[in-house]
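Each chain gets a letter, A, B and so on, in the order its sequence line appears, and its residues count up from 1. Quick note: numbers below take in every heavy atom, side chains included, and nothing from hydrogens, waters or symmetry partners.
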Amino acid sequence: MTPVQPVRGTQSLLGEDADRLAAVVAAFDRVRRLYGFRRVEVPTIEQTAVFARTIGETTDVVSKEMYSFEDRGGESITLRPEFTAGICRAFLSEGWQQHAPLKVATSGSAFRYERPQKGRFREFHQLDAEIIGAAEPQADVELLALADQLLKELGISGTVLKLNTLGDPETRAAWRDALYEHFRQHAGTLSEDSKARLERNPLRILDSKAHEDWPVVDSAPTIDDFLTAAAADFFGAVTAGLDAAGIAWERAPRLVRGLDYYRHTAFEFMTDQLGAQGTVIAGGRYDGLIEALGGPHTPAVGWAAGIERLAMMIDAPQPERPSVVLVPLGERAEHAALSLLAGLRRQGVAADMAYRGNMKKRLSRANAVGAAYALILGDDELDRGEAQLKDLASGEQKAVSLDLIAQALGA
RNA sequence: GCGAUCGUAGCUCAGCUGGUUAGAGCAUCGGUUUGUGGUACCGAGGGUCGGGGGUUCAAGUCCCCUCGAUCGCCCCA
């Protein structure tokens, strides 16, 4: 029989690689509490319409990357390609509206049928933070501050916050029309990719990587020419708030977002350390999303971060090591060790037991798992009510009283 | 979905222009040391050379297909 293979684009991780992901989630959980974001859990699967209606039918995510299937009841189900839509669905269907403005955070798997690359997987993991039901620019600032602090606590440097506004719906529509007109007139000089983008999503031409597009992009109308007074004020309040909070940012007038639901603030924390997958945290304001799900008009902001991408940028976390490994020799000693081991662990001492092979094997085991001490229990020692405590770093060894250990554990 | 590079032991890799039983280091296991690890020495196990087909007297090495990884495009966290 040929061995079974993993599904393409999935990961099975052991040791440091797994610890890295856990370290990112742990840091996020710490910071999110400081900012008063409550933990939520949302389903991995949703009705396909939840994503199709919000993310945008024409986006790549919906049109060719979703894991969708019909369940046994004939319903179209989709594995979440992101968190925002599902959280908004829960906001509506679970009565979370009563908590608005609601600050929530979550993390877990997301699924996209893409070509795997470094920092890009078919099952990947995201951190997600959302503020639902807040129209104020302070919400945008708070969310950006959360992301900024998370990166700092992870010890990640060298990221840049790229910030833009996509304006309100009037702004965005007017700008989009002007861009469409501009690019249509220069369609002859555009790259093949951009010609295709012209009808589907003209905004995307702005961040084209094709050199032949650049002159046309440079002469394209900018969002600032179309910003309504209200939209300009809003963006001004966000940038002023960032400055007040001491968060470094850069204006990126051509930054657009692929997903249809974004309005006003759009941002990405970028790095040049991950090749083509340079976006490490990204998000923005999505005031129209909840209406697209059939709910009332509800302003909201949020972001998602790629856990794998962050995990690749942090220093390796310290592996857990037991403080002590018990090394029993003989049947009575095994029994005593089992009792001692349970006591140590109940007291919160990271302890392990080497139960295979001769003393050499057992000590070698204690050393291999990185223990600070080995506690050697033999019948001789047991008869004297003692054990040998060996400091594995220095090699020093001395007798300790089992009664004293028992007393310490009892206290 | 498109283009490029790559795929040899658990891991990192060596195998020159195709030529006898495919190697090393690390890891694992055993021994020197049947109650003393981490250092040292000796030894062992472990490979359908990603898979399939083809060319050839002969293929890890050349050709085709396929699967996977990496890099770029697309897209995105």
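Between the C1' atoms of B:A9 and B:C49, the separation comes to 10 Å (whole Å). B:C64 and B:U12 have their P atoms separated by 27 Å, given to the nearest Å. The C1' atoms of B:G47 and B:G7 are separated by 14 Å, rounded to the nearest whole Å. Spacing between B:C76 and B:G19 at atom P, rounded to whole Å, works out to 50 Å. B:A22 sits 14 Å from B:G45 when the P atoms are compared, rounded to a whole Å. Rounded to the nearest Å, the gap between the P atom of B:C29 and that of B:G46 is 16 Å. The separation of B:U21 from B:G25, taken at their P atoms, amounts to 23 Å, rounded to a whole angstrom. A distance of about 24 Å separates the P atoms of B:A40 and B:G35, rounded to the whole Å.
Within 4.0 Å of A:Asn367, counting heavy atoms only, lies at least one base atom of the nucleic acid. When heavy atoms are screened at a 4.0 angstrom cut-off, A:Ile376 is found touching base atoms of the nucleic acid. Within 4.0 Å of A:Gln397, counting heavy atoms only, lies at least one base atom of the nucleic acid. Counting non-hydrogen atoms under 4.0 angstrom, A:Glu381 reaches a base of the nucleic acid. Among the heavy atoms of the strands lying under 4.0 Å from A:Gly395 is at least one base atom, whether or not backbone atoms are also near. Residue contacts for A:Phe121: at a heavy-atom cut-off of 4.0 Å it reaches a base atom on one of the strands shown. Among the protein residues, A:Ala110 comes within range of no part of the nucleic acid, since none of its heavy atoms lies under 4.0 Å from any strand. When heavy atoms are screened at a 4.0 angstrom cut-off, A:Gly9 is found touching the sugar-phosphate backbone but no base atom. The residue A:Gly330 sits apart from the nucleic acid: no heavy atom pair falls under 4.0 Å.
Looking at A:Arg251 and A:Asp224, a side-chain N of the basic residue comes within less than 4.0 Å of a carboxylate O on the acidic one, giving a salt bridge. Salt bridge absent: A:Lys195 and A:Asp213 never bring a charged side-chain N and a carboxylate O closer than 4.0 Å. Ionic pairing of A:Glu308 and A:Arg120 is not present here: no N-O contact between side-chain nitrogen and carboxylate oxygen is shorter than 4.0 angstrom. Here A:Glu46 does not pair with A:Arg53 in a salt bridge; the nearest charged N to carboxylate O distance is not below 4.0 Å.
Counting to the nearest Å, the P atom of B:G35 and the CZ atom of A:Arg332 are 16 Å from each other. Atoms CG (A:Leu203) and P (B:C76) sit 11 Å apart, rounded to a whole Å. The interatomic distance linking A:Arg384 (CZ) with B:G35 (C1') rounds to 12 Å, in whole Å. Nucleotide B:C73 holds its P atom 13 Å from the CZ atom of A:Arg204, rounded to whole Å. Atom-to-atom, NZ of A:Lys398 to P of B:U36 comes out at 22 Å; the value is rounded to the nearest Å. Rounded to an integer number of Å, the gap from A:Arg365 CZ to B:C29 P is 8 Å. Distance, A:Arg197 CZ to B:C76 C1': 13 Å, rounded to whole Å. Between the CG atom of A:Asp17 and the P atom of B:C11 there is a distance of 13 Å, given to the nearest Å.
Checking B:U34, B:A4, B:C74 against every side-chain atom of A:Asn358, the shortest atom distance belongs to B:U34. Listed candidates were B:A77, B:C2, B:U36. Nearest to the side chain of A:Arg115 is B:C2. With B:U36, B:U70, B:C74 as the candidates, the nucleotide lying closest to the side chain of A:Met359 is B:U36. When each of B:G1, B:U33, B:A77 is scored by its nearest atom to the side-chain atoms of A:Lys360, the top-ranked nucleotide is B:U33. The A:Gln126 side chain lies nearest to B:A77 when the options are B:G37, B:A77, B:C75. Side chain of A:Lys209, nearest nucleotide from B:C73, B:A77, B:G35: B:C73. Distances from the side chain of A:Glu308 to the nucleotides B:A77, B:U70, B:C73 place B:A77 closest. Closest contact between the side chain of A:Gln388 and the listed nucleotides B:G3, B:G37, B:G35 involves B:G35. Residue A:Arg112 places its side chain closer to B:C76 than to any other of B:G35, B:C75, B:C76.
The partner of B:G60, taking Watson-Crick or G-U wobble pairs whose two distances both stay under 3.5 Å, does not exist in any strand shown. With a 3.5 Å ceiling on both atom-pair distances, the Watson-Crick or G-U wobble partner of B:C6 is B:G68. Nucleotide B:A24 has B:U12 as its partner under the Watson-Crick or G-U criteria, with both atom distances under 3.5 Å. Pair assignment for B:U17: none, as no Watson-Crick or G-U wobble contacts are both less than 3.5 Å. In a base pair of the Watson-Crick type (N1 to N3 plus N6-O4 or O6-N4) or a G-U wobble (N1-O2 and O6-N3), with each distance short of 3.5 Å, B:C73 is matched with B:G1. Across all strands shown, nothing is found opposite B:U33 as a Watson-Crick or G-U wobble partner with both distances under 3.5 Å.
A donor and an acceptor atom sit less than 3.5 Å apart, one in the side chain of A:Arg309 and one in the base of B:C76.
Each of A:Ala305 and A:Asp379 lies near RNA chain B, and the nucleotide nearest A:Asp379 is the one positioned closer to the 5' end. Taking the nucleotide of RNA chain B with the nearest heavy atom to each of A:Asp380 and A:Ala304, the more 5' of the two is matched to A:Asp380.
Applying side-chain contact (heavy atoms from CB on, under 4.5 Å) to A:Glu130 and the options A:Phe37, A:Phe91, A:Tyr286 leaves one that passes, A:Tyr286.
Distances shorter than 4.0 Å separate none of the side-chain N or O atoms of A:Lys390 from OP1 or OP2 on B:U36. OP1 or OP2 of B:G72 has at least one side-chain nitrogen or oxygen of A:Gln117 nearer than 4.0 Å. Distances shorter than 4.0 Å separate none of the side-chain N or O atoms of A:Arg120 from OP1 or OP2 on B:U70. Contact between the side-chain N/O atoms of A:Lys361 and the OP1/OP2 oxygens of B:G30 is found at a separation under 4.0 Å.
With values rounded to the nearest 0.5 angstrom, A:Arg80 atom CZ is found 11.5 Å from A:Arg89 atom CZ. Of the inter-residue distances, the one linking A:Trp175 atom CH2 with A:Thr222 atom OG1 reads 8.0 Å to the nearest 0.5 angstrom.
In this structure, A:Asp391 and A:Tyr373 approach most closely via the heavy-atom pair CA-CD2, 3.7 Å.
Between the side chains of A:Arg254 and A:Ser208, not a single donor N or O lies within less than 3.5 Å of an accepting N or O.
More than 12 non-hydrogen atoms from other residues, nucleotides or ligands lie less than 6.0 angstrom from OH of A:Tyr67.
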